[in-house]
Structure formats: C-alpha cells, structure tokens
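As structure tokens, the structure follows; a few thoughts come after it.
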There are 2 protein chains.
Amino acid sequence: MTDEISVPGFRVGGKRGKKYGLAIVASDVPANCSVMATSNKIRASPVELSLKHARDNVAQGVVISSGNANAFTGEQGERDARRMCELASESLGVDSEDVIVNSTGIIGQNLEMSEIEELIDGVAENLQSNDSGINDAADAMRTTDSFEKIASRNAVVNGENVRVTGFAKGAGMIAPDLLHATMIAVILTDTQVPKDKIDDALRAAVDLSFNMINVDGDTSTNDMVVLLANGTAGNGEAGSSFQTALNAVCLDLARLIVKDGEGATKLFEVEIHGAVSSEDARRAAKSVVRSTLVKTAVFGENPNWGRVVAAIGYSGAEFDKSRLSLRLSDEKEGVVLVEDGVGVALKGTVEIKKAGEILKSSEVRFTADLGVGDFTATAIGCDLGYNYVKVNAEYTT
Amino acid sequence: MTDEISVPGFRVGGKRGKKYGLAIVASDVPANCSVMATSNKIRASPVELSLKHARDNVAQGVVISSGNANAFTGEQGERDARRMCELASESLGVDSEDVIVNSTGIIGQNLEMSEIEELIDGVAENLQSNDSGINDAADAMRTTDSFEKIASRNAVVNGENVRVTGFAKGAGMIAPDLLHATMIAVILTDTQVPKDKIDDALRAAVDLSFNMINVDGDTSTNDMVVLLANGTAGNGEAGSSFQTALNAVCLDLARLIVKDGEGATKLFEVEIHGAVSSEDARRAAKSVVRSTLVKTAVFGENPNWGRVVAAIGYSGAEFDKSRLSLRLSDEKEGVVLVEDGVGVALKGTVEIKKAGEILKSSEVRFTADLGVGDFTATAIGCDLGYNYVKVNAEYTT
C-alpha cells in the first residue's frame with residue numbers, strides 16, 4: 001500500500017504463533033462502537049460476549065484469534081472468551097467490558113489457551129500506530145485466506161480530513177443472512193459517530209457489501225463486523241461523506257473476501273434491475289451468486305446462461321418472464337444473452353461465442369432486468385472449482 | 001432385476017438417438033393421474049402443458065425427451081411441447097390432451113424437432129408390456145445420469161396383488177422445494193386410485209422422498225413426478241398398503257437419484273429428532289444436506305462435525321443448544337459426536353478417530369436431536385467432490 005492507512009488514535013498489532021494467530025486493536029480513548037453479528041442460532045461464545053460488551057455502543061479494544069472458532073464449546077468456551085477480554089484488558093489498560101472479542105477457525109473444539117495467552121501479551125506489547133500494525137493484524141486473522149484484506153478511504157467531515165480503514169478475514173463459510181454480516185471485519189475511524197447513529201451507519205454499509213456476498217452458501221457461527229469511531233479528529237458529527245467512505249471500505253473488503261473465496265479463480269457480480277422491491281432485487285441477485293451450478297459454469301468458462309435464469313426462477317423474486325433480459329459483460333465488452341424473455345445467445349450464434357470469451361475474464365458481471373419495477377441490487381460471488389473441494393475436503397484445523 | 005417390474009395395462013419404451021433420448025408410456029385405458037411440478041417460477045413449456053393436461057386427473061400417455069430441457073424457450077418451446085403431445089397422441093391413438101410431456105437437459109436452447117419426431121415414431125412402434133420396455137425408457141431419459149433408476153413394489157389391495165413401478169432421471173440441478181418435486185419420475189400402478197385422492201397420495205409420497213433430497217441446491221425448471229393408476233387390477237379403491245408401496249417406490253427412486261448425484265461418491269442421510277414441528281425438522285435436515293461445507297467434508301472423509309452443527313444453526317429451526325445431540329453411524333456402528341450440547345468428538349479422542357473411520361463408508365447417517373419437541377424428518381444428500389466440478393464446469397449440451 002502506498003497511501004497511509006493508519007487511523008489517528010488507534011494502535012494495532014498482530015502475530016501468527018504455532019497453532020493460532022492473534023490481532024489486537026486499541027483506541028487511545030473509549031470509542032463509539034457498533035457490532036453486527038451472524039444470524040446463525042449457534043453463535044460462538046466470543047460473539048455473544050461481544051454483543052453484551054457493545055450494548056452501550058462503547059468499546060476501546062478488540063482481540064481476535066484465528067485457528068479455532070471457539071464456537072459450540074459450551075461453558076469452557078465462555079470462560080475462554082472472557083479470559084481473552086480480561087487479558088487484553090490488563091495488557092491495554094482498558095475496561096474488560098470495553099473489549100470486543102472474536103475467534104475464527106474450526107467449530108466445536110476447545111481453544112488451547114496457553115498459546116493464546118502468550119500471543120495476547122506479545123502482541124499488546126508491540127502495538128503500532130503506523131500502517132504495519134494493521135498489516136500484521138490482517139495477516140494474523142487469516143485462516144484459509146490466501147492474502148490480507150485491507151481497505152481505506154479518506155473523507156472530509158465538517159472541514160476536517162478523517163480516515164476510515166478496515167481489515168477483514170474470510171474465505172469460506174461465507175453466506176450473509178438478513179441484517180447481519182458473516183465474516184470478521186474491523187473498521188476504524190477517527191471521526192465522531194454518535195452512539196445513537198453508529199448502528200444505523202454500519203448496518204447501511206453492511207447491507208450493501210458483506211450481506212451481498214456468497215462464497216459457499218454456509219452462514220458462519222462467528223462472523224462479525226465491528227466499527228470503532230474514536231472521534232480523535234475532533235470534528236463533530238459525521239455525515240454523508242463519512243457514510244460514503246464507510247460504504248466504500250465495506251464494499252472493498254467484501255470484494256476482497258469474494259476474490260479470495262476458497263479456491264476461487266473468478267469473481268462475478270449479479271446486478272438486478274426492474275424488481276418490485278429492494279428485497280426482491282436482493283433475493284434474485286443473491287440466489288444467482290449462491291447457485292452451485294452458476295458457480296461451476298463460471299469456473300468452466302461455460303456460457304450456460306440457462307442456469308442463471310433458473311436461479312432467478314427459484315429465488316422467489318417476482319418477474320415478468322416475457323420481459324426478462326440478461327446481459328453478460330466484463331470491463332471491456334458486453335453481450336446480450338436474453339432480451340424480452342427470448343434467448344438470444346443460442347447455440348451457434350455469435351452471442352454465445354462472445355459470452356464464452358467474456359467468461360475468460362477474471363471479473364464478469366451478469367445484469368438482469370426483471371421487468372416489473374424500479375428496484376435494483378448487486379450481489380457478488382465467486383466460482384467454485386477443484387480447489388474449493390480440495391480446501392474443504394481436507395481442512396480440519 | 002430378477003423380479004418382474006412391468007405393470008399390467010401399460011406399454012413402455014425408450015431409445016437414445018444422436019442428440020436426444022426419448023421415452024414413452026402408454027396405458028391401455030385412460031388412467032387416473034397426478035402431476036407434481038417444480039416450484040421454480042420459470043417452468044419449462046412441457047411442464048406447463050402437462051399441468052393443463054392433468055387438470056382433469058386423467059392421462060393415457062407420457063412422452064419424455066432428454067438432451068434439451070425445452071425450458072425458457074418462449075413460443076417456439078410451447079409449440080414444440082404441443083407437437084410432442086400431438087405426435088405421441090397420433091402414434092398411440094390417445095387424446096392429445098391425455099398426454100403428459102416433459103424434457104430434460106440444457107435450459108434456454110430450442111429443441112431441434114426433427115430427431116424428436118423420428119424418435120417418437122420409432123419408440124411408439126416398439127412399446128413393450130414386459131420389463132425391458134421400462135429399462136429402455138429409464139435409459140432414454142438419462143442426461144448426466146450414470147445409471148438407470150427403477151424401483152418397484154408389490155402390494156395387496158382388497159385381496160388383489162397390484163404393482164407400483166417407477167422410473168426416474170436426475171443427477172444434477174436437484175434441490176426440491178415446497179410441495180413440489182424436482183426431477184423427472186414416472187410411476188405406474190395397476191390399482192385404482194380415485195381422481196379425488198390421487199394428488200394427495202402422490203404428494204404424501206413426494207414429501208417423504210423427492211422433496212427431501214439435495215444434490216446441489218439448485219431447483220430445476222423442469223422437474224416433475226407423474227403417477228398413472230389405470231385400475232387394470234380391477235380391485236377397487238387403493239388403501240394404506242398401496243400408499244406404503246408408493247412411498248417405498250418414491251423413496252427408492254429418490255435415493256437412487258442422490259446416489260447418482262453428479263460426481264457423488266457417498267450418500268449421507270440426516271435424521272432430525274426432537275423438533276417442535278414437522279416443518280422445523282424438515283428445515284434442519286434439508287439445511288445440512290444442502291451445505292456445501294458438509295458435502296465437501298463427507299467427500300474428504302473429514303469428521304468436521306462443527307459444520308453440521310453450524311448448518312442446523314442457520315437453518316432457522318428451533319433447538320435447545322444445551323440439549324442438542326449428534327451421532328454419526330453407518331450400517332455397522334455409530335459414534336456420539338455431541339451430547340447435551342457438549343462436543344464429545346474432540347481432537348485426539350477415540351470418538352473423532354472412529355468418526356473418521358465411519359466416514360469411509362459409502363453410506364453414512366447423521367442423527368441429531370434438537371431437544372425441543374417430538375417431530376422428526378430425514379433428508380438425503382450426497383458429497384461434492386472434484387467430479388461434480390468437472391461435470392458442471394464442462395456440461396453444456
């Protein structure tokens with residue numbers, strides 16, 4: 001990264017140990033905070049604890065471990081999550097109830113705490129206010145992730161420059177649901193976002209980003225997005241320019257997660273127009289990015305667009321079959337597959353040939369018009385190939 | 001097959017041509033009929049036409065082609081479906097409106113009718129009342145299916161021996177939904193099932209079988225189950241022994257479809273107990289058999305049971321986390337993975353080792369108790385391995 005990404009008033013660090021990795025964030029002052037958590041009914045102990053700690057919309061520290069999700073681990077899991085908060089609290093000199101905690105990795109196995117304890121001590125001693133702290137934290141959170149996921153934007157809020165920086169982990173067990181996010185992302189900003197508005201700000205951003213991605217259709221037990229706004233910029237209440245920056249950071253991170261989907265070779269977007277409601281547009285878009293058959297067709301660069309139409313068909317969204325249209329495009333060019341309910345890219349046509357060529361791009365977009373309204377939505381998915389199977393047939397630890 | 005499977009009063013045949021395959025069933029007399037069709041809003045033209053033809057619960061012929069689904073093919077598709085009924089009607093000497101028609105294969109491409117027309121003539125001329133006709137029909141319906149799917153049972157209805165025989169196709173785009181079936185199956189019986197009861201009889205069987213299977217989560221545009229009861233046995237109204245036989249035939253066919261899931265190497269069942277309602281039990285069971293992560297774990301013989309728990313967690317079904325239990329078993333032995341909400345098969349235990357051994361079997365069963373009620377359900381899925389990707393990345397025609 002060439003541009004500065006660190007956020008004033010935050011110190012960050014991370015380290016990978018033998019079995020686990022660990023990341024810590026500390027704010028110089030108590031920050032306003034929002035936590036969005038998975039809708040899975042089996043929520044990991046640390047997620048439950050974080051939701052309690054964020055109930056007052058204030059937090060000052062974040063501690064995240066990778067290698068074991070501490071999910072479905074009963075009372076031992078609760079004790080371990082509390083212990084992680086306590087250790088971070090002592091190391092950072094902040095209130096234990098102001099620490100947000102989470103873990104990621106295998107479900108149903110107890111954390112071995114001795115290494116976690118060592119890591120918390122080690123990381124807390126070396127927090128940095130520069131960019132490398134954020135890089136270390138993003139690296140330490142990785143499990144099957146093949147690269148670090150960091151995004152940053154500047155915004156001008158009431159005349160002051162402020163920064164919004166997020167880092168995330170996520171590559172598998174990715175299928176957001178409802179109003180909740182389903183991966184782990186930490187977003188820091190030095191602007192001031194009032195306690196009574198911070199949940200709405202984060203929810204709006206999450207709904208346009210993390211909640212519209214799909215790697216494998218499985219909604220995790222641990223996924224969480226946390227936003228800390230410490231007001232260090234001293235510039236008063238954040239407005240629309242902050243929301244724009246927050247949306248952009250969340251969308252960048254969401255795209256990075258999809259790009260790094262387990263075994264993924266291609267990212268594809270599905271843009272729905274002409275829906276009767278926003279919910280319907282989202283439903284149709286998400287149905288297509290979830291479809292295993294569409295995913296494997298994209299992997300195979302196989303212009304079998306009937307699978308896209310079928311996935312819209314079973315999504316539950318309303319549409320007018322006789323007005324349905326579908327296009328495929330990459331950055332350079334596009335081709336009509338269906339127009340007014342009639343297939344254009346038939347066997348042997350130039351359109352089907354062109355569709356096959358466009359599918360060779362690493363990023364493609366299906367654009368469908370449902371022909372029944374004015375609402376729109378975009379979902380983001382990745383292909384499913386041999387490496388997804390390899391990663392998930394063999395991944396246990 | 002050693003036992004006789006042909007059904008009195010029915011003649012059946014099938015043939016594979018160059019691009020397409022074609023199967024025909026003819027009843028000697030008009031039969032009472034029930035058709036259950038996919039819930040996908042994009043229903044193929046032949047499915048729409050068949051639902052019209054079955055509105056009076058009477059049919060006398062069935063014609064099914066493979067190689068092209070005739071789905072999302074507009075007016076041309078409607079004409080082609082009608083033409084298939086007319087040709088079968090002429091060849092069989094039955095009313096065109098008493099012909100049930102369907103197709104299976106790629107979506108969005110027009111049928112090339114010349115071969116279909118030849119096939120209808122050829123097959124209709126050689127219908128057989130013996131077993132080989134049924135074998136030929138099951139073979140002709142195949143697309144990515146690697147074997148024929150046939151099931152048969154005898155029942156005693158009012159003192160008379162009657163037979164229920166079904167044949168089916170299906171290997172991919174398999175994910176049943178709601179009250180509808182999502183593959184193609186034809187079931188024939190010589191007992192009498194009254195018109196006003198035949199839909200209920202088929203629905204009951206479909207709900208326990210085809211609607212509980214999942215290969216890839218994609219609900220097809222073409223899937224259909226048709227039951228023809230021609231009353232040839234002359235034994236009066238069918239009762240519970242017929243229903244038992246019908247349920248068994250549907251379940252056999254459903255299991256055969258899963259066993260032949262594209263690229264599948266293992267079948268796994270998920271049996272849910274202790275749910276607050278039948279719907280909830282079904283929801284939980286279906287969520288697990290749909291999970292890509294569970295499917296890949298089963299493929300990898302990887303006892304990562306946390307993925308099963310997570311899929312129950314996001315299913316929407318009610319459960320008591322502190323009473324949840326989970327077992328894994330094959331035909332010979334079983335092992336407890338979770339008991340009263342506590343993981344038993346932890347790293348390094350004999351249980352986790354045994355779970356890995358059981359997963360080497362070609363058929364395994366997860367049995368979960370949700371701990372909140374008395375309802376139960378069983379769903380059936382298959383693993384997802386490299387060959388699923390291969391089949392679906394390359395399959396266009």
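So you know, we letter chains A, B, ... as the sequences are listed, proteins then strands, and number each from 1.
Proximity to chain A is limited to the side chain of I352(B), based on heavy atoms less than 4.5 angstrom apart. For A317(B), the part lying near chain A is the backbone, with the side chain staying farther off; criterion is any non-hydrogen pair under 4.5 Å. V294(A) does not touch chain B: none of its heavy atoms, backbone or side chain, sits under 4.5 Å away. Residue contact with chain A, scored on non-hydrogen atoms closer than 4.5 Å, is absent for A69(B). Contact annotation for V298(B): neither backbone nor side-chain heavy atoms come within less than 4.5 Å of a heavy atom of chain A.
Judged by distance alone, with hydrogens and angles left aside, the side-chain atoms of N304(A) form no donor-acceptor pair with the main-chain N or O of I106(B) at under 3.5 Å. The backbone N or O of I42(B) sits nowhere less than 3.5 Å from a side-chain atom of K321(A) that would complete a donor-acceptor pair.
Rounded to the nearest 0.5 angstrom, T219(A) OG1 and Y314(B) OH are separated by 6.0 Å. From Q109(B), atom CD reaches atom CH2 of W305(A) across 6.0 Å, with rounding to the nearest 0.5 Å. Rounding to the nearest 0.5 Å places CG of D216(A) at 4.5 Å from CG of L293(B). With rounding to the nearest 0.5 angstrom, the NZ atom of K347(B) is 6.0 Å from the CG atom of N68(A).
Contact check for T292(B) versus L384(A): side-chain heavy atoms found under the 4.5 Å cut-off. In this structure, the side chains of V342(A) and F72(B) stay at 4.5 Å or more apart for every pair of heavy atoms.
Counting heavy-atom pairs closer than 4.5 Å to chain B, the top-ranked of the candidates A71(A), A297(A), S291(A), G316(A) is S291(A). Heavy-atom pairs under 4.5 Å with chain B peak, among A311(A), G300(A), G77(A), G313(A), at G313(A).
Among residue pairs with one or both ends in residues 105-114 of chain A, those qualifying as salt bridge (Lys or Arg N to Asp or Glu O under 4.0 Å) are K19(A)-E112(A); sequence neighbours excluded. Pairs engaging residues 352-362 of chain B under the salt bridge (Lys or Arg N to Asp or Glu O under 4.0 Å) rule: E333(B)-K354(B) [sequence neighbours left out].
Checking N392(B), T221(B), D218(B) one by one against R307(A), the side chain to side chain donor-acceptor pair (under 3.5 Å) holds for a single residue, N392(B).
Applying the 6.0 Å contact sphere to CD of E75(B) captures no more than 12 heavy atoms from other residues, nucleotides or ligands.
Scanning all heavy atoms of the two residues, the minimum distance from I107(B) to A310(A) falls at CD1-CB, 3.9 Å.
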